[in-house]
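I have placed the structure first, in the form of structure tokens, so that the comments after it can refer back to it.
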Amino acid sequence: MFSPASLLSLSSLYVLLVLLSCFYGGVSSVPTKVGKGYRLISAEETSDGGFLGHLQVKQKNNIYGPDIPLLQLYVKHETGDRLRVHITDAEKQRWEVPYNLLPREQPPASKQTIGRSRKNLLTVSELAGSELIFSFTADPFSFAVKRKSNGQTLFNSSSGGSDSFGEMVFKDQYLEISTQLPKDASLYGLGENTQPHGIKLYPNDPYTLYTTDVSAINLNTDLYGSHPVYMDLRNVGGEPFAHAVLLLNSNGMDVFYKGNSLTYKIIGGVFDFYFFSGPTPLDVVDQYTSFIGRPAPMPYWSLGFHQCRWGYHNLSVVEDVVENYRKAQIPLDVIWNDDDHMDGHKDFTLNPVNYPRSKLLAFLDKIHNRGMKYIVIIDPGIGVNSSYGVYQRGIANDVFIKYDGEPYLAQVWPGAVNFPDFLNPKTVAWWGDEIKRFHELVPVDGLWIDMNEASNFCSGKCTIPKGKQCPSGTGPGWICCLDCKNITKTRWDDPPYKINASGLQVPVGFKTIATSAVHYNGVLEYDAHSLYGFSQAIATHKALQGLEGKRPFILSRSTYVGSGKYAAHWTGDNKGTWEDLKYSITTVLNFGIFGVPMVGADICGFYPAPTEELCNRWIEVGAFYPFSRDHANYYSPRQELYQWKTVTKSAQNALGMRYKLLPYLYTLNYLAHTSGAPIARPLFFSFPAYKECYGLSTQFLLGSSLMVSPVLEQGKTSVKALFPPGSWYSLFDMTQTIVSKGQYFMLDAPLHVVNVHLYQNTILPMQQGGMISKEARMTPFTLIVTFPAGASEAQAKGNLYLDNDELPEMKLGNGYSTYVDLYATLKQGSVKIWSEVQEGKFALDKGWKIEKITVLGLSGSVDTSGLEINGSPVANGASNIELSSMKQMHLQDVEDGVGKKKSLMVELSGLNLYVGKNFDMSMKMGVQG
């Protein structure tokens, strides 16, 4: 949805900044070094195997405020692959991410007196775990983290006397710490922002973390989420090693990456570092999500296609959209409403004229019977209206964020609003009750929580104007019409260090909740700001799960560390441009690293207006986003996929393939939920030793082996795509093969074609597709088995997870799920394919069968005379099984003209293998003719 900050270009924000500097004192210059650091004055081992020390400031100064004189250092190897380094005030408790929001071990309580010193405190010492080694230097204090297996330094806060950064700084509102980095390290993460240079962090680009309602069209700017984590991938003598560093801190921060160093500058909280040892990228996200929370299980239908628009003025328009998708034969699972369904933009209401309840319920009955779903938006701001029951109950339960003892007044779509305080247990209960009441009014299937950075159309302390209507009902709804005054009286509203908020150092309270406003138990908005969307997602998840015991679906714009445990995410307000199409891939891949794998961008762009060609190309990418939704704003021309005949055809092709891949995507969702593995991944996840793909941001993988290589430029009918070493098979035409030594190939890509390739050594489960996931899910299965082209010996594997997707938990052992491991070998002229089923009853009850198996890359033909299924020979003509083979065409590479290899595609159809029962099949190969 539109918002005021979203509309501000960086140039207009600059004008605002100049004006605001009158109130906020302008932009201060930043000294390169602040102070002389700390010295370690005591150290002791703790009973839990940790290390506790105390640090004393060496030389006080008042740059950005006084130093905290005495710090407590706590270090612990929490697991074999996770190290924690926690530094806080030794004498006073400081703000940290609440332990009830993100459960984790508590460090020892700060001591008023210094603990006993070690008798032999060395200048340099270390604490070794199974994978990582923590070492420190006492004076000036610094610490390093090394990999035990090869001694590689992963993090080193010592400046080593260089000018690149200074010693550690710890003040009440300014914390600074740095690490040295090797120049060949590839870094990823530190979001949310739109990165024009691709997925790798780019030296000297700004990385500011502070949840902000600024449109995603603004580059290198702090956007909707805050994820202070990065992955570091290094190639040491041809061997890849990955690790991650999380700084668990919710305060606003600037992170300066210079190529050979990285510096954090934070305006509050503590240093709470977690180091994850990897060593593979998949290991890293497994370890990271094991700590922050595994990604949420998603219902099966959520992997279908979604359609939304701000501006579906009445129910008949929505009905027409659904029917037009049916007529166009474009798959559609979920129809959405932005706030058009609301009465006066108020949460949990229906417009009685445009969305009368009786007609809406009849419409929902109709689509629910088909298996379709319905989702609506809710914003956190609750309209201040004495006749509005949601507001009345909120006031009665005292659920709102306060300023000067009264609910903080802001403005969003309904006009004057108060913001619920989701840190307050009473608010969580009230919110759950309001969602329950609304669900009784309208049986929605999920909720979309937007504007939860939190977004505010005004700034400062506001009152409702007397004698005029606010908003007026005419003109843009995002113009502030409250009477407001800037707040500069506290150090929370005007901190000494100015983070690069909105890319221009605007005040931290600009167009959001005043940072001196107060949450439950006296918590300042200044500290908790970036947790707002996260805390709302937790409350919403609890509410939805409590309704009918079904698996929730929540889409949240603002996210924080751990949000993926509760919600999906979309990349916010993008624009219908070729650049935005390209940027979307990087943001989607970043969120997989952040532990939010269910993510996508608004297909065809939110802001006006995509061209027909762009929308063709965008659905060819968007059909392979984990979360696939077309969404546009109020002022855009209509851009549903059926609006153009050419886009209709591209959508039928691309979404048609997506719906065949739904069992694979759902299995990836299960693997994400159990191991954190991203659904959409950068190529380096599967090819970490192949350095050429470290910065690749124009292609991506679904799972470990399905590669999407889209057209991202106007007027192009071919695409130059990088293929890591091995055999790759076109998913749309499996006779088309690429055997790569690690090189680029030029692929044909006319308007309706997107190139998707499947890697060798894979078994891919597919079904026959359909117009809705409910139907597609009940069609017969096909297994695609890929061997290296022409190999004499090879193996392949895959997996398949099936369950009752309405159950809140996604797991084995409940009687409503089945998991299948799939294997294949090629050896001594024989192909063997088999399955190992866990808990097959659910799949057997559903009657799911494998009807066809396709084997790619064989060097010789197969005939049915050598075919055995479950140990029994299949006699010629005695069954419905048909066997066919086709020669595969090998694309010659564009770089060195390597000759074409020979291989065959072999298909066995007419099979009758139950998914829920172990099967084994073998067949003999002949010689290729």
Side-chain angles (χ1 to χ4, degrees), residues 28-41 43 51 53-71 73 75 83 85-88 121-127 132-147 151-171 173-185 187 190 201 203-207 228 230 232 234 243 245-247 249 253-267 269-273 275 496-497 499:
S28 59
S29 60
V30 181
T32 54
K33 293 189 178 183
V34 182
K36 303 293 185 181
Y38 286 76
R39 66 170 63 90
L40 183 70
I41 58 170
F51 171 95
H54 286 88
L55 309 173
Q56 189 176 61
V57 69
K58 293 188 66 173
Q59 182 178 319
K60 295 181 180 180
N61 67 74
N62 286 310
I63 302 171
Y64 304 133
D67 297 280
I68 293 177
L70 189 65
L71 303 178
L73 165 70
V75 181
L83 168 69
V85 179
H86 183 276
I87 303 174
T88 188
L121 179 60
L122 302 176
T123 305
V124 177
S125 192
E126 65 181 35
L127 184 70
L132 299 173
I133 299 171
F134 170 86
S135 63
F136 63 86
T137 301
D139 190 5
F141 172 76
S142 66
F143 73 89
V145 178
K146 295 182 180 181
R147 190 181 295 282
Q152 188 179 55
T153 299
L154 309 185
F155 191 97
N156 185 358
S157 70
S158 170
S159 66
S162 75
D163 292 329
S164 56
F165 59 83
E167 303 299 337
M168 186 181 81
V169 181
F170 204 119
K171 299 167 185 282
Q173 288 183 269
Y174 182 78
L175 286 70
E176 180 183 325
I177 196 168
S178 304
T179 179
Q180 302 173 24
L181 288 169
K183 286 193 173 180
D184 60 350
L187 269 59
L190 295 179
L201 298 189
N204 300 315
D205 271 2
Y207 297 97
Y230 69 85
D232 181 335
R234 304 178 190 179
H243 68 275
V245 180
L246 166 68
L247 173 55
N249 182 303
M253 69 179 79
D254 290 330
V255 186
F256 296 89
Y257 172 51
K258 297 180 181 177
N260 62 354
S261 68
L262 185 143
T263 297
Y264 299 90
K265 298 184 178 183
I266 318 156
I267 59 173
V270 301
F271 291 129
D272 196 2
F273 281 104
F275 299 90
Y497 175 78
I499 61 169

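- For the residue pair Tyr264 and Asn249, no side-chain donor N or O sits within less than 3.5 Å of a side-chain acceptor on the partner.
- For the pair Asn260/Leu181, no side-chain contact is recorded, criterion being any heavy-atom separation below 4.5 Å from C-beta on.
- Between Phe141 and Ile87, the shortest heavy-atom distance links the atoms CE2-CD1, 4.3 Å.
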Where do Tyr257 and Tyr230 land on the ring-ring contact (aromatic ring centres under 6.0 Å, His included) test, with the steps shown first? CA-CA 11 Å; Tyr257 172 51; Tyr230 69 85; 8.3 Å; no
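- With values rounded to the nearest 0.5 angstrom, Ile499 atom CD1 is found 13.0 Å from Lys265 atom NZ.
- Counting only distance, with no hydrogens or angles, the side chain of Lys171 and the backbone of Asn61 share a donor-acceptor pair below 3.5 Å.
- Residues Phe165 and Lys33 share a closest heavy-atom pair of O-CE, 3.5 Å.
- One distance of note links OG1 of Thr137 with CG of Asn156; it measures 7.5 Å at 0.5 Å rounding.
- Side-chain contact between Lys58 and Asp67: absent, with no pair of heavy atoms (C-beta onward) separated by less than 4.5 Å.
- Heavy atoms only, all atoms of each residue included: Asn62 and Pro66 are closest at OD1-CA, 3.6 Å.
- For the atom pair CD1 of Ile68 and OG1 of Thr88, the computed distance is 7.0 Å after rounding to the nearest 0.5 Å.
- Here the closest non-hydrogen pair linking Gly160 and Gln180 is N-NE2, 4.2 Å.
- A donor-acceptor contact under 3.5 angstrom links the side chains of Glu167 and Ser159, judged on distance only.
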Evaluate side-chain contact (heavy atoms from CB on, under 4.5 Å) for Val245 paired with Thr179, printing each intermediate quantity in order. CA-CA 11 Å; Val245 180; Thr179 179; over 6 Å; no
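- Taking the six-membered ring where the residue is Trp, Phe271 and Phe170 present perpendicular rings, their angle passing 60° and hence far from 30°.
- With rounding to the nearest 0.5 Å, the separation of CG in Asp139 from CZ in Arg39 is 5.0 Å.
- Separation of atoms CD1 (Ile41) and CG (Leu55) is listed at 8.0 Å; rounding is to 0.5 Å.
- With sequence neighbours excluded, no residue satisfies salt bridge (Lys or Arg N to Asp or Glu O under 4.0 Å) with Arg147.
- Contact record, Lys146 with Gly151: CD-O, 4.0 Å, taken as the closest heavy-atom pair.
- What you find for Val34 and Tyr174 is that their closest heavy atoms are CG2-CE2, 4.3 Å.
- Using a 4.5 Å cut-off on side-chain heavy atoms (C-beta onward), Leu187 and Leu262 make contact.
- For the pair His243 and Arg234, the minimum side-chain heavy-atom distance is below 4.5 Å.
- Counting heavy atoms from C-beta outward, Val85 and Leu73 have side chains that approach closer than 4.5 Å.
- Counting heavy atoms from C-beta outward, Phe275 and Phe134 have side chains that stay 4.5 Å or more apart.
- Separation of atoms CD (Gln173) and CD1 (Ile267) is listed at 7.5 Å; rounding is to 0.5 Å.
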Step by step, would you call Leu132 with Leu154 a side-chain contact (heavy atoms from CB on, under 4.5 Å)? CA-CA 9 Å; Leu132 299 173; Leu154 309 185; 3.7 Å; yes
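- Counting heavy atoms from C-beta on, the side chains of Phe143 and Ile177 come closer than 4.5 Å.
- Taking 4.5 Å as the limit, some side-chain heavy atom of Asn204 sits within range of a side-chain heavy atom of Lys258.
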